[in-house]
Amino acid sequence: MPNGSNRDRHSTGTGVRRPAKTSEPIVRTPSGGPLAELVADANLDAVQARSGAEAALVSRYGFHLDLDAGPVTYEEVFATLPAGFAVDVWEITGAALKSILAYPNAQGWVLTPSSSLRYTLAGGAVTEMTLNGVPVTDDQVIKIAANYILVGGYEGFPRWPGVTNVYRGGPDDRGALATYLVKNSPVSAPAGDRVTVR
C-alpha cells in the first residue's frame with residue numbers, strides 16, 4: 001500500500017444532524033452515474049476552500065448502495081460508502097491526468113469527475129477534457145481531490161504518475177457526503193453525463 005495507507009479515517013466527526021433529503025433516487029451505473037457524480041461533488045466541496053482543489057475524481061468501486069428518494073440518514077450514507085476513505089488533494093499535469101483517465105478498469109468502469117471536469121474517451125484515449133468549460137492543456141497543473149487508494153493505482157485503475165500531495169486535511173468521503181446532503185437538501189440526481197465514451 002502507498003504512504004498513508006493507515007489513514008482510512010473511519011470516524012467522520014460529522015453526520016446528518018439536520019434533515020437531509022434527496023428529491024429523487026440517486027443511482028449507480030457501470031460508468032459511475034449520478035451517485036458517483038454526487039460523491040465527487042461532495043468531495044470537492046469538502047476541501048476546495050482550504051486546498052484550492054479544482055476538481056474531484058471517484059471510482060464507483062466502493063459504492064455499495066444507491067440512495068433512495070426522501071429523507072437520508074447517516075446510516076444510509078454509511079451503507080452507501082462503508083470504507084470511509086480520506087479526501088486528499090493532489091497536483092497532477094493535464095497530460096498525466098489524461099493518461100490515467102484513458103484506462104477503464106477490468107469491469108469497464110471509468111473514473112467519475114466533479115461537475116467542474118468533463119472528458120471524452122474514444123479509441124483508448126482521452127480526446128477531449130475541459131475544466132470549468134476550458135480545454136485542459138498537457139502542461140497545465142491541476143489540483144484534484146481523491147483518496148489515496150485511487151491515486152495508488154488500486155481498484156483496477158492506473159497508478160497516478162508524478163503527483164504531489166498538497167493537502168491532507170479533508171474529511172472522509174462519508175462525512176463529505178453527509179455534510180453536502182445537509183447543506184444542499186433537497187438534493188437532485190446529477191445528470192450522469194460528465195464522461196462520454198465513444
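Under a 3.5 Å cut-off, the side chain of D41 and the backbone N or O of S115 do form a donor-acceptor pair. In terms of modelled atom types and a separation under 3.5 Å, the side chain of N132 and the main chain of L117 share no donor-acceptor contact. For Q107 (side chain) and G156 (main-chain N/O), no donor-acceptor pair under 3.5 Å exists by modelled atom type. The backbone N or O of R194 sits less than 3.5 Å from a side-chain atom of E37, completing a donor-acceptor pair. Side chain of R174 to backbone of P82: a donor-acceptor contact under 3.5 angstrom is found. Using a distance-only test at 3.5 Å, with no hydrogens or angles considered, a donor-acceptor pair links the side chain of S185 to the main chain of K21. S51 places no side-chain N or O within donor-acceptor distance of the main-chain N or O of Y167, the cut-off being under 3.5 Å. A donor-acceptor contact shorter than 3.5 Å is absent between the side chain of R60 and the backbone of V110. Listed for the E128 side chain is no donor-acceptor partner under 3.5 Å among the backbone atoms of Y119. Under a 3.5 Å cut-off, the side chain of D66 and the backbone N or O of R28 do form a donor-acceptor pair.
At a threshold of 4.5 Å between side-chain heavy atoms, the hydrophobic network of Ile, Leu, Val, Met, Phe, Trp and Tyr places V27 and L181 in two separate groups.
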Going through the checks in order, is the side chain to side chain donor-acceptor pair (under 3.5 Å) test met by T127 and T120? CA-CA 6 Å; T127 58; T120 298; 4.9 Å; no
Could you walk me through whether T164 and E91 satisfy the side chain to side chain donor-acceptor pair (under 3.5 Å) test, starting with their C-alpha distance in whole Å, then the side-chain angles of each, then the deciding distance to 0.1 Å, before giving a yes or no? CA-CA 5 Å; T164 301; E91 284 187 341; 5.1 Å; no
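F63 contributes atom CZ, which lies 7.0 Å from atom CG of D173 (distance to the nearest 0.5 angstrom).
Open room surrounds OH on Y61; 12 or fewer heavy atoms of other groups in view lie less than 6.0 Å from it.
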